[in-house]
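Since we're looking at a predicted model, the values are computed, not measured.
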Amino acid sequence: MTQPIEDYALIGDLMTSGLVGRDGSIDWLCLPRFDSPACFAALLGDKENGHWRISPAGSADDERCTRRAYVDGSLVLESYWDTPDGGSFKVTDFMPQRDNAPDVMRIVEGLTGEVTVRSVLRLRFDYGHVVPWVRRADGDRVAVAGPDSAWFRSEPAVPTWGEANSTCSEFTLAPGEQVAFVLTWHASHEPRPATVDPYDTLRQNLAAWRDWSAQCTYEGPYREAVTRSLITLKALTYAPTGGIAAAATTSLPEELGGVRNWDYRYCWLRDSTLTLGSLLETGFLDEARAWRAWLLRAIAGDPADLQIMYGIGGERRIPESDLPWLRGYASSAPVRVGNAAVDQLQLDVYGEVLDSLYLARENGLPAERHAWRIQLALLDFLERNWRRPDEGLWEVRGPRRHFVHSKVMAWVAADRAVRTMESDPSLLGDVQRWRTMRDEVHQDVLENGFDPVRGTFTQYYGSRELDAATLLIPRVGFLPPDDPRVIGTVDAVRVELGSSGLVRRYSTEGPSVDGLPGDEGAFLACSFWLADALHMTGREKEARELFERLLAVRNDVGLLAEEYDPVSGRQLGNFPQAFSHVGLVNTAITLGRTQAPPRA
């Protein structure tokens with residue numbers, strides 16, 4: 001039985017992450033990095049592709065925990081189980097921020113009555129493809145296959161046995177008794193990492209997360225939702241470089257049973273401005289500096305080679321391939337790793353980079369001496385290439401077109417250059433050159449990207465299709481919010497791309513612009529953009545109602561995927577999705593700037 005995507009919760013150590021289902025099973029875990037091959041891949045296959053379940057002994061495969069929640073201000077998950085005979089126990093799941101090797105820790109504690117608990121660990125390296133050799137060593141279990149090795153131990157020790165290529169155990173707990181399990185990965189050619197006390201580690205991990213969360217300066221009516229989204233963004237951050245993964249997963253489908261399945265365990269430049277803005281607005285300056293530093297390292301080099309995404313360490317090569325031994329989530333195949341969109345031309349990323357660096361400067365982050373020269377090189381390339389068609393921000397796999405959003409972001413690039421040089425005349429460059437480019441792009445978009453009959457901006461030049469990305473036109477300053485062309489666009493997108501009050505990115509009906517079969521759900525980031533646009537155009541009540549609707553889409557622990565199907569009430573796409581959580585934070589900040597009663 002396939003669990004709904006929203007049945008999962010996230011744990012992580014700021015270098016990788018795992019997903020824990022309501023059935024007590026960790027069904028997805030990549031080690032040692034976000035983009036490493038998974039050792040638990042049941043999420044995209046079945047239990048034989050790797051998982052680790054802790055549940056009441058004798059429970060059915062589809063039995064769910066009674067309730068669960070994160071410990072306030074942390075990424076420590078607590079799941080509570082009530083058994084039929086009146087007993088109860090708690091499982092605390094977390095991954096401590098590592099010194100060396102990654103650990104997954106699961107602490108089981110008896111609460112009431114006497115309970116018997118079962119643990120089943122199925123390690124499968126290389127995305128569920130490789131069954132490791134498991135043996136006893138030093139009183140614990142060690143699994144080895146090729147480059148991967150993992151140690152499994154409990155404290156206090158409980159008996160374990162092998163069964164169907166799994167490591168199993170059962171134990172009985174009275175109230176207050178605890179058993180802690182620790183799974184530690186390391187490269188197989190290296191010695192076993194030093195063991196750590198899981199109980200002390202839990203206390204340290206809680207303190208570290210709470211200290212971090214306490215830095216949040218947002219005090220608006222949606223503080224709980226904002227804090228949880230910021231913790232999620234932090235959890236998706238690769239600490240060594242500051243890069244933020246777009247999601248923790250690959251190939252969770254945009255349509256159940258469909259082919260729109262992509263790998264999102266990388267860093268997208270298109271996310272940079274909105275992510276940086278949310279971090280700066282909520283007081284997380286260290287994370288903002290780290291994200292900007294990652295951005296500058298990633299984009300360094302020939303501007304013609306600028307990519308739309310990079311690896312979490314800044315890697316440029318992200319080759320795409322399929323994993324045929326995995327059937328896919330809810331039989332949604334193929335399962336893909338890597339992302340071929342890395343080679344697309346998306347001209348909007350130049351504007352997003354320039355906007356990010358402008359935003360950082362405006363918010364007081366000290367300017368990097370070399371950053372302006374990089375920006376000038378990007379501008380020079382864009383000046384010569386903005387008239388070209390491209391694939392657009394949605395990474396369509398159809399023909400290139402003159403996407404309106406791409407042209408608007410070219411305008412943003414020139415505009416931010418002009419503003420930067422006007423505020424600091426000592427900078428190198430020809431400000432009049434960028435003013436001229438800005439004016440030319442603006443005129444081109446108004447002449448070719450606006451449909452005067454329908455009163456709306458279109459998806460691309462000469463098209464009647466719409467694109468939710470045009471909702472960003474007032475946000476980036478291309479036109480003021482009270483301009484009739486902006487209001488007409490907001491209304492048209494709301495009607496034509498609306499889906500039960502939420503918004504799709506674009507229409508997938510008929511000969512779709514993206515060149516792919518099938519459909520997709522409402523895109524949550526775009527729905528937050530609609531709430532922003534409604535607020536900016538003076539419709540605050542409607543904006544707030546939409547925001548409340550989006551908050552209700554979150555799962556029981558406050559997480560959002562990429563998309564949502566209002567008909568089935570299911571989350572869709574990779575999970576949790578950074579872009580969705582950035583949208584939540586930014587819209588909460590926008591609405592919080594107005595006087596409104598706190599949410600009941």
Check your understanding: Do the side chains of Ile318 and Met309 get nearer than 4.5 Å, heavy atoms only?
Key -> yes
Exercise for review: Kindly state each residue pair satisfying salt bridge (charged side-chain N to carboxylate O under 4.0 Å, His left out) with at least one member in residues 120-142, sequence neighbours excluded.
Suggested key: Glu48-Arg122, Glu48-Arg124, Asp140-Arg192
Practice item. Give the ring-plane orientation class for Phe152 versus Phe181, where under 30° counts as parallel, over 60° as perpendicular and anything between as tilted. Key: parallel
Review point. Side chains of Gln577 and Leu559: closer than 4.5 Å at any heavy-atom pair?
Key: no
Point to revise | Polar contact flag, side-chain donor to acceptor under 3.5 angstrom, Trp262-Asn339 | key: no
Review point. Going by atom types alone, do Thr184 and Asp103 pair a side-chain donor with an acceptor below 3.5 Å?
Key: yes
Review point. For Ser74, does its backbone N or O pair with a side-chain atom of Arg228 as donor and acceptor, under 3.5 Å?
Key: yes
Check your understanding: Do the side chains of Leu29 and Met95 get nearer than 4.5 Å, heavy atoms only?
Key -> yes
Exercise for review: Could you verify whether a donor N or O on one side chain and an acceptor N or O on the other, from Tyr264 and Glu562, lie under 3.5 Å apart?
Suggested key: yes
Exercise for review: Would you check if Ile5 and Tyr329 make a side-chain contact, meaning some heavy-atom pair closer than 4.5 Å?
Suggested key: yes
Review point. If we ignore angles and hydrogens, is there a donor and acceptor under 3.5 Å between the side chains of Ser356 and Thr273?
Key: yes
Review point. Hey, is Arg270 close enough to Glu395 for a salt bridge, meaning N to O under 4.0 Å?
Key: yes
Check your understanding: Hey, are the side chains of Thr195 and Arg153 touching, using non-hydrogen atoms and a 4.5 Å cut-off?
Key -> yes
Check your understanding: So is Arg316 actually on top of Tyr310's ring, under 6.0 Å and inside 45° of the axis?
Key -> no
Review point. If we ignore angles and hydrogens, is there a donor and acceptor under 3.5 Å between the side chains of Thr227 and Ser213?
Key: no
Review point. Do you see a donor-acceptor pair shorter than 3.5 Å between the side chains of Thr160 and Thr167?
Key: no
Practice item. Measure from the side-chain N and O atoms of Glu391 to the backbone N and O of Leu345, and report whether any donor-acceptor pair falls under 3.5 Å. Key: yes
Check your understanding: Is the shortest heavy-atom distance from the side chain of Arg106 to the side chain of Phe94 under 4.5 Å?
Key -> no
Review point. Under 3.5 Å, is there a donor-acceptor pair between the side chain of Asp23 and the main chain of Arg64?
Key: no
Practice item. Inspect the contact between Arg554 and Glu224 and indicate whether a charged nitrogen and a carboxylate oxygen are less than 4.0 angstrom apart. Key: yes
Review point. Is there a donor-acceptor pair under 3.5 Å between the side chain of Tyr350 and the backbone N or O of Pro303?
Key: yes
Review point. Charged N to carboxylate O under 4.0 angstrom, Arg289 versus Glu287?
Key: no
Review point. Is a side-chain donor or acceptor of Asn555 paired with a backbone partner of Tyr8 at a separation under 3.5 angstrom?
Key: yes
Review point. Is a donor on one side and an acceptor on the other found under 3.5 Å between the side chain of Ser88 and the backbone of Trp81?
Key: no
Check your understanding: With under 30° as parallel and over 60° as perpendicular, where do the rings of Phe523 and Phe579 fit, or are they tilted in between?
Key -> perpendicular
Review point. Counting only N and O atoms by type, is there a donor-acceptor contact under 3.5 Å from the side chain of Ser332 to the main-chain atoms of Gly328?
Key: no
Review point. Between Asn49 and Tyr127, does any side-chain donor sit less than 3.5 Å from a side-chain acceptor?
Key: no
Check your understanding: How about Ser119 and Trp52: do any of their side-chain heavy atoms sit closer than 4.5 Å?
Key -> yes
**Study point:** Residues that Gln571 engages under side-chain hydrogen bond (donor to acceptor under 3.5 Å, both in side chains), provided they are two or more places apart
**Key:** none
Review point. Do the rings of Trp294 and Trp291 sit parallel, tilted or perpendicular, given the 30° and 60° boundaries?
Key: parallel
Check your understanding: Which pairs with one or both residues in residues 242-252 pass side chain to side chain donor-acceptor pair (under 3.5 Å), sequence neighbours excluded?
Key -> Thr249-Asn574
